[in-house]
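Notes follow once the structure below has been shown.
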Amino acid sequence: MHWHQKLAVAGVAGAVAVVATGCAGGQVRGAGGTPRPATSTGSGTPAPQANESTFVYAPNLGVVTDWDPATSYSNEIVAMSNIYEGLTRYNSQTQKPEPRLATEWTASPDGKEWTFKLRQGVKFHTGKPLDAEAAKKAIERTIKMNGGPAYIWSAVKTIEAPDPATLKFTLKYATPLDLVASAGYAAHIYDVDGVDKDGKKDGGTGPYTIDQWQKGKETELTLKAFEGYWGGWKPEQYKKVAFRVTPQLTTAWQLLQRGEVNFVQRLNPQLFQQAGSTQGVQTSQTPSFQNLLVLFNTESGPAKTPEVRQALQLAIDYDGLAAALKGAGSKASGLVPQGLLGHTPGLEPTMDLAKAQELLASVGYGPDNEELKLKLTYAQGDDDQKLLVTLLSSALKKVNVALDAKPMAWEAQWDQGKKKGQDIFVMYWYPDYADAYSWFFNVFRSKDKPEFNLSYLKDAEIDKAVDELPELTATNRDMAAQSYAGLQRKIIQEKAAVAVPYVQTYQRALSDDVRGYTDNPAYPNVVFFYELSR
């Protein structure tokens, strides 16, 4: 991934890791959902006005980098989640998967066989009916293409379609497949003959289908209601959706106030506070599954020394940062945000500059020694990350450490990270489905070539524990929670590979006449337009 930050190449899972190629673009994983200059925003086309029939969403970055539902792994989640559906969808209120294209499902006691019953009367946008054979073909194509987030299906050994309404999975190892099937990426069920890289058509089953895609235009994408949608339509629902790319936050806010857009995905604390008392505007604030990772280079450079990494952890002003975010983020406890299995209270970090100085002195750095110079990269245009860097730079100066902090476009930052060209790499992370496994497999499991594991950590014991997580989650959740807690202590405290300052809080602004909006952190920045009314 988050804006989200999912990229051109993403890690893939299983006992043996395979590198998967996904979409180009990469605004998702490192860039974090905050404004940065767009490569092209020019329009020439009048933007649609928010009215009784069109819902206008104002993203800060281009919307679509990849139209293939098998390999899509970037910003287009905001559109694709309304065009395509999976077997299940995660309900953030109940914290469980709920029926979507599957109406019910069962698992064998050992968690290795799953049977899904498909919803009847569903049609693809191509006109073909959905049956088990079509669903089987879609998932098998996604697995075969092995792109982007296809690793979510890595436990699958075989898929069968014993009858048109039944889909049966046999797994290599136990996995919570109902949760996997709710993923925002790679879990789409689609007509394999309806895939079109040019965005002129789609093979989804969702409530909306592509109306027009004009890459690089201000109004980049419009969707229209799929009249044959299995859920039916009511007069008060939005039949048309437009994505109007607005890189500048202040501009998006002005458009919302003028009634030209209906939804702004992120406001800074000052604007969010203003929005709360602005006529014609409503706000939404929801804890997310998206956190900030400060990854330390464990393989080369000064941070290779554990005492330096421990000192860096202690030099971050966690409380000051949380206070300055003014509600846009909350202090983290470990790697796993609250609301996910594996969240572990008691891992909240604290600043201790005196202890940091002691650690630095023990390895020949600090005020009485030669200045230590460290290189840090972070997302260009992200005010929250910039705040972290400002506070950290100030603290480190006091212990004779100079921080060369460079803001970069995500693609450039990520390229540099894969070449191990920095001591500290700052990026956001969020899971591919509502499960903590994504942090551990993608970011901290050993890889021969760096992808997202940008601390370059290599530890056989950690790898073994990570590989056991899916089966534990499926068969023994208590043991899985214990394993997650142990892994976090090992990665953060023992290995000092990362600091986790805060978890983002999503702060949205909407037109006050919109009804039914609920933020679901399992699908970052997605608005499920079908659920809205006016």
Side-chain angles (χ1 to χ4, degrees), residues 1-6 27-36 59-61 74-75 77-78 90 92 184 249 252 263-273 275 283-295 316-340 342-343 347-349 378-392 410 425-436 438-439 442-443 452 498-510 517-527:
M1 14 175 101
H2 315 158
W3 341 277
H4 314 142
Q5 288 93 254
K6 306 230 187 220
Q27 296 89 322
V28 184
R29 278 296 179 203
T34 46
R36 71 171 176 81
N60 62 289
L61 298 168
S74 192
N75 296 351
I77 188 175
V78 297
Y90 185 75
S92 59
L249 203 57
F263 179 85
V264 177
Q265 70 174 34
R266 180 128 180 112
L267 294 175
N268 61 34
Q270 293 75 24
L271 287 180
F272 187 73
Q273 186 175 10
T283 58
S284 168
Q285 182 164 281
T286 309
S288 80
F289 293 157
Q290 183 165 313
N291 58 13
L292 190 72
L293 305 183
V294 182
L295 295 156
I316 295 173
D317 185 358
Y318 302 95
D319 292 326
L321 185 57
L325 288 171
K326 296 179 180 175
S330 58
K331 193 173 173 182
S333 179
L335 284 160
V336 183
Q338 197 165 359
L340 295 174
H343 173 67
L347 295 180
E348 294 87 353
Y378 68 103
Q380 170 183 307
D382 189 308
D383 289 343
D384 296 347
Q385 291 187 31
K386 185 177 181 181
L387 181 60
L388 163 80
V389 169
T390 301
L391 292 172
L392 183 57
W410 167 248
F425 192 108
V426 180
M427 72 172 182
Y428 290 106
W429 195 261
Y430 62 80
D432 297 319
Y433 53 95
D435 186 277
S438 175
W439 276 271
N442 284 298
V443 187
F452 293 121
V498 64
V500 191
Y502 63 87
V503 180
Q504 273 197 333
T505 299
Y506 290 138
Q507 295 182 323
R508 324 288 197 187
L510 301 89
Y517 174 73
T518 303
D519 210 326
N520 189 332
Y523 307 95
N525 298 315
V526 170
V527 177

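If you're wondering where the values come from, they're calculated on a predicted model, not measured in any experiment.
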Quiz prompt | Any residue meeting side-chain contact (heavy atoms from CB on, under 4.5 Å) with Ser330, in chain and number order, not counting sequence neighbours | solution = Val503
Exercise. Any chance you could lay out the side-chain contact (heavy atoms from CB on, under 4.5 Å) test for Val264 and Leu267, step after step, and finish with the verdict?
Key: CA-CA 7 Å; Val264 177; Leu267 294 175; 3.8 Å; yes
Self-check item: Non-neighbouring partners of Lys386 that pass side chain to side chain donor-acceptor pair (under 3.5 Å), sequence neighbours left out
Solution: none
Quiz prompt | Nearest-0.5 Å distance, CD1 of residue Ile77 to CG of residue Asn525 | solution = 8.5 Å
Quiz item: Do other residues, nucleotides or ligands put more than 12 heavy atoms under 6.0 Å from the CD atom of Glu348?
Solution: yes
Quiz item: Rounded to the nearest 0.5 Å, what separation is found between the CZ atom of Phe272 and the NZ atom of Lys326?
Solution: 14.0 Å
Quiz item: Looking at Pro501 and Val294, what are the two nearest heavy atoms and their distance?
Solution: CG-CG2, 3.8 Å
Quiz item: Can you name the closest pair of heavy atoms from Ala434 and Phe289 and give their distance?
Solution: CB-CE1, 4.2 Å
Quiz item: Does some side-chain heavy atom of Tyr523 sit less than 4.5 Å from a side-chain heavy atom of Val78?
Solution: no
Quiz item: Are any non-hydrogen side-chain atoms of Thr505 and Thr286 less than 4.5 angstrom apart?
Solution: no
Exercise. Look only at the side chain of Arg508 and the backbone of Thr283, and say whether a donor-acceptor pair between them is shorter than 3.5 Å.
Key: no
Quiz item: Thinking salt bridges, do Asp382 and Arg266 make one under a 4.0 Å N-O criterion?
Solution: no
Self-check item: Minimum-distance pair of heavy atoms, taken over all atoms of Leu271 and Asn268
Solution: N-OD1, 2.8 Å
Quiz prompt | Side chain proximity check, Val498 to Val500, heavy atoms < 4.5 angstrom | solution = yes
Quiz prompt | Distance in Å, Leu335 CG paired with Leu340 CG, rounded so as to fall on 0.5 Å steps | solution = 12.0 Å
Quiz item: Which value, rounded to the nearest 0.5 Å, describes the distance between Leu61 atom CG and Ser74 atom OG?
Solution: 8.5 Å
Quiz prompt | Parallel, tilted or perpendicular: rings of Trp429 and Phe452 (30°, 60°) | solution = perpendicular
Self-check item: Inter-residue atom distance Tyr378.OH - Tyr428.OH, 0.5 Å rounding
Solution: 12.0 Å
Exercise. Kindly say whether the aromatic ring centers of Tyr517 and Phe263 come within a distance under 6.0 Å.
Key: yes
Practice problem: Rounded to the nearest 0.5 Å, what's the gap from CD1 on Ile316 to CG on Leu321? Could you check? | Solution: 8.5 Å
Practice problem: Give the C-alpha distance, both sets of side-chain angles, the deciding distance and a yes or no for side-chain contact (heavy atoms from CB on, under 4.5 Å) between Leu292 and Val426. | Solution: CA-CA 7 Å; Leu292 190 72; Val426 180; 3.8 Å; yes
Self-check item: Side-chain donor/acceptor of Gln385 to backbone N/O of Ala379, under 3.5 Å
Solution: yes
Quiz prompt | Contact summary for Ala522 and Tyr90, nearest pair of heavy atoms | solution = CB-CD2, 3.6 Å
Quiz item: Ser288 and Pro337: which non-hydrogen atoms are nearest, and at how many Å?
Solution: O-CB, 4.0 Å
Self-check item: Test item: Gln265 and Tyr506 side chains (from C-beta on) under 4.5 Å apart, heavy atoms
Solution: no
Quiz item: Which is it for Asn291 and Gln504 under the side-chain hydrogen bond (donor to acceptor under 3.5 Å, both in side chains) test, yes or no, and what are the steps along the way?
Solution: CA-CA 6 Å; Asn291 58 13; Gln504 273 197 333; over 6 Å; no
Quiz item: Looking at side-chain heavy atoms only, is the closest gap between Lys331 and Tyr318 below 4.5 Å?
Solution: yes
Self-check item: Pairwise side-chain contact, Leu510 with Ser284, heavy-atom cut-off 4.5 Å (strictly under)
Solution: yes
Quiz item: Quick check: does any side chain N or O of Ser92 sit under 3.5 Å from a backbone N or O of Pro521, one acting as donor and the other as acceptor?
Solution: no
Exercise. Check step by step if side-chain contact (heavy atoms from CB on, under 4.5 Å) holds for Leu388 and Thr390.
Key: CA-CA 6 Å; Leu388 163 80; Thr390 301; over 6 Å; no
Self-check item: Residue list, side-chain contact (heavy atoms from CB on, under 4.5 Å) with Gln273, at least two apart or on another chain
Solution: none
Quiz item: Which heavy atom in Leu347 sits nearest to a heavy atom in Gly334, and how many Å separate them?
Solution: CB-N, 3.6 Å
Quiz item: Can Leu249 and Asn60 be said to form a side-chain contact (heavy atoms from CB on, under 4.5 Å), step by step?
Solution: CA-CA 7 Å; Leu249 203 57; Asn60 62 289; over 6 Å; no
